[in-house]
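To keep things clear, I will list the structure first and then write my remarks on it.
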Amino acid sequence: MLDIKFIMENSEIVKAACKNKNEQDNVDKIIDLNRMRKIYTAERDELRRQLNEISAEIGEIAKKGGDISSIKVKAKEISEQVKSVEEELSIVEKELDRLVLTVPNIPDSSVPVGFSEDDNKTIRIIGEPQKFDFVPKNHIQLNEKLHLFELERAAKITGSFFPLFTGKGAKLVRSLVNFMLDIHTADGKYYEIFPPFLVNRDSMLGTAQLPKLEEDMYRVEQEDYFLIPTGEVPMTNLYRGEKLSEDDLPIYYCGYSACFRREAGSYGKDTKGLMRLHQFDKVELVKIVHPDNSYDELEGLLHDAEKILDLLGIHYRVRVLCTGDLTFASAKTYDIEIWAPGTEKWLEVSSVSNLTDFQARRMNTRFRSSKDNKLHYVHTLNGSGVAIPRLIISLLETYQNSDGAIEIPEILQDYFGAEKIE
RNA sequence: GGAGGGCUAGUCUAAUUGGUAAGGCAGCGGACUUGAAAUCCGCCGGGUGAUAAGCCCUUCGGGGUUCGAAUCCCCGGCCCUCCGCCA
């Protein structure tokens, strides 16, 4: 959510952001409604002032035992006027609140303008594609022999695109979770969180999955709870509605969570194997920081996510997303994509974003600045470190041998308890 | 699921049974001091003003009664205790 004052004073910038992000532009409506809101508010305040005055008078007279019947008639009249103005005001405010939630965050000036993922820019490529002296298999072909996951049986239990890892596959997932958490929490850099996987509606509004993406979320109707689409939601909402001390910042969290996405509208895209799932595991990184250095924190977060891939020896590239591919709440996002040599595709395993004060304003998370002793919104950032099923695709395809066995990267061997899967 | 208790500003804690939110602590600024502690003065929920005055809002959220609600009524949320059920 943007500051309504900012929208009023920078309407052209906000309109440009709507256009560049392919979001609907409600700016003019918002400006009109806000003007009406100010008029009604002024009217309400004046009436209320009169009412407060006359009520105090009634109190005085009553205390002295005087007659208050005639003055009460007048007070009643004003009271009713207040009510009628408030009714008008609340209609305006409701609509205004609804529309303000539809305005996207403003992209940072360093973000390239563009309309689709084709306009994203690769800023670095790390490592080389694995070379094979045989034709590499994709992870589905490899799995025929290895039995690391069973998608048909999973579909029987739940439905298609829910994974079921078995045997060494299940252990691989577990060892990756432990490995990544250990790396991120080393030296106490990130504080480990194990969050709830169900959150309430306020949390979903706070991180801006709602109202826009309700169709993509699994919802528990009885309680109006939502299955989290990412650990970002519970972890960023930890301080919703709270006032922090400046000394509390920066806050670094990492945590494992399962993630649930309906992926409505994406059927037919990347439907093979573990490419796109309704449920997947992920280690998430979240930062709550001082607004002065959130872009430095973004670079740091990106490197922390990349570190996992460096250590595993995975070939990857980092892309900066163009305005059109940026999510609603993000001011700047880097995608990390890893190479899957059997599938011959780049797979997104992490989106690292600076949400600036956009989520903080929705969540009402502020800190008291020592400079002016006033409350300011924090900046929030998040990124995966990293998503597991796609990482498994790349690991299997990268480290396969001609006989279909998989070499486990050295750093993972202690966690996995073996040097090979065969 | 049942019974009871509770929710007031960063935190703790009041408000004459309906009269318009009082204080303590912490924090910030200043005075005193060689320095610190103690003490004293000021600031210390939000909005709009200009860091003014003034005004308005704010007692978990939403409704209602009333001239006037922290207080009374209704609906909902969360926390605590006990009972029941349960991995």
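Letters A, B, ... mirror the listed sequences (proteins, then strands); counts begin at 1.
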**Request:** Could you tell me the separation between the CD atom of A:E93 and the P atom of B:G47, rounded to a whole number of Å?
**Result:** 16 Å
**Request:** Might you confirm whether atom CZ of A:R240 has over 12 heavy atoms from other residues, nucleotides or ligands at distances under 6.0 Å?
**Result:** yes
**Message:** Nearest whole Å is fine: how far is B:G47 P from A:R37 CZ?
**Reply:** 13 Å
**Message:** By the 4.0 Å heavy-atom rule, please label A:K76 as base, sugar-phosphate, or nothing.
**Reply:** sugar-phosphate
**Distance, rounded to the nearest Å, where A:D248 contributes CG and B:G27 contributes P** = 14 Å
**Request:** Pick the P atom in B:G18 and in B:A9, then give their distance to the nearest Å.
**Result:** 24 Å
**Prompt:** What distance, rounded to whole Å, do you find between the two P atoms, one in B:G47 and one in B:U58?
**Reply:** 15 Å
**Asked** Centroid-to-centroid, A:F358 to A:F328, below 6.0 Å?
**Response** yes
**Whole-angstrom distance between B:C7 and B:G76, as gauged at atom C1'** = 14 Å
**Message:** For A:H290 together with A:F367, are the ring centres under 6.0 Å from each other?
**Reply:** yes
**Pairwise P distance, B:G49 and B:U13 [rounded to whole Å]** = 37 Å
**Asked** Using a distance-only test with no angle check, is there a side-chain donor-acceptor pair under 3.5 angstrom linking A:D325 and A:S116?
**Response** no
**Message:** Minimum heavy-atom separation for A:Y40 and A:V92, please, with both atom names.
**Reply:** CE1-CG2, 3.8 Å
**Request:** Specify the glycosidic conformation (syn or anti) of B:U65, with syn defined as within 90° of 0.
**Result:** anti
**Message:** Checking the side chain of A:Q359 only, and the main-chain atoms of A:T207 only, is there a donor and an acceptor separated by less than 3.5 Å?
**Reply:** yes
**Message:** Applying a 4.0 Å non-hydrogen cut-off, can you work out what A:A42 is touching in the nucleic acid: base, sugar-phosphate, or nothing?
**Reply:** nothing
**Item:** Gap between atoms NZ and C1', on A:K243 and B:U8 respectively (whole Å)
**Value:** 13 Å
**Asked** Counting N and O atoms only, with roles assigned by atom type, does the side chain of A:S394 sit under 3.5 Å from a partner on the main chain of A:L391, one being a donor and the other an acceptor?
**Response** no
**Asked** What is the distance from CG of A:D202 to C1' of B:G61, rounded to the nearest Å?
**Response** 10 Å
**Request:** Please state the C1' separation for the pair B:G1 and B:G84 - nearest whole angstrom.
**Result:** 8 Å
Identify the pairs formed between an N or O of the protein and an N or O of nucleotides 49-56 of chain B at a distance under 3.5 Å, and give each distance.
from	atom 1	to	atom 2	distance (Å)
B:C56	OP1	A:N52	ND2	3.3
B:C56	O2'	A:D45	OD1	2.8

**Request:** Between B:A70 and B:G19, how far apart are the P atoms? Round to whole Å, please.
**Result:** 10 Å
**Asked** Can you tell which of B:G19, B:C78, B:U65 lies closest to the side chain of A:K83?
**Response** B:U65
**Asked** Syn or anti for B:G49, with syn set at within 90° of 0?
**Response** syn
**Request:** Remember a base hit wins even if backbone is also touched, and classify A:I54 as base, sugar-phosphate or nothing at under 4.0 Å, heavy atoms.
**Result:** nothing
**Request:** Specify the separation, in whole Å, of atom CE of A:M8 and atom P of B:U48.
**Result:** 13 Å
**Message:** Between B:G23 and B:U16, how many Å separate the two P atoms, rounded to a whole number?
**Reply:** 16 Å
**Request:** Answer with base, sugar-phosphate or nothing: what part of the nucleic acid does A:L51 contact at a heavy-atom distance below 4.0 Å?
**Result:** sugar-phosphate
**Item:** Nucleotide-level pairing of RNA chain B, given in dot-bracket where Watson-Crick and G-U pairs need both distances under 3.5 Å and | marks other strands
**Value:** (((((((..(((......[...))).(((((.......))))).((((.....))))..(((((..]....))))))))))))....
**Prompt:** If we take the C1' atom in both B:A37 and B:A52, what is their distance in whole Å?
**Reply:** 36 Å
**Request:** Nearest whole angstrom, please: distance from the C1' of B:G46 to the CD1 of A:I4.
**Result:** 17 Å
**Request:** For the pair A:R319 (side chain) and A:I123 (backbone), establish whether a donor and an acceptor sit closer than 3.5 Å, ignoring hydrogens and angles.
**Result:** no
**Request:** Please round to the nearest 0.5 Å and tell me the distance separating atom CG of A:L395 and atom CD of A:E397.
**Result:** 10.0 Å
List every contact pair, protein side and nucleotides 11-18 of chain B side both N or O, where the distance is under 3.5 Å.
none

**Prompt:** From A:M180 CE over to A:D281 CG, what is the distance, rounded to the nearest 0.5 angstrom?
**Reply:** 8.5 Å
**Prompt:** Any donor-acceptor pair under 3.5 Å linking the side chain of A:N200 with the backbone of A:S203?
**Reply:** yes
**Request:** In whole angstrom, give the distance that lies between atom NZ of A:K72 and atom C1' of B:U65.
**Result:** 12 Å
**Request:** Could you tell me how the ring of A:F260 sits relative to the ring of A:Y218: parallel (under 30°), tilted (30 to 60°) or perpendicular (over 60°)?
**Result:** perpendicular
**Message:** For A:D248 and A:Y239, which I'm curious about, is there any donor-acceptor pair between the side chains at under 3.5 Å?
**Reply:** no
**Request:** Among the candidates B:G68, B:C78, B:G46, find the nucleotide nearest to the side-chain atoms of A:Y225.
**Result:** B:C78
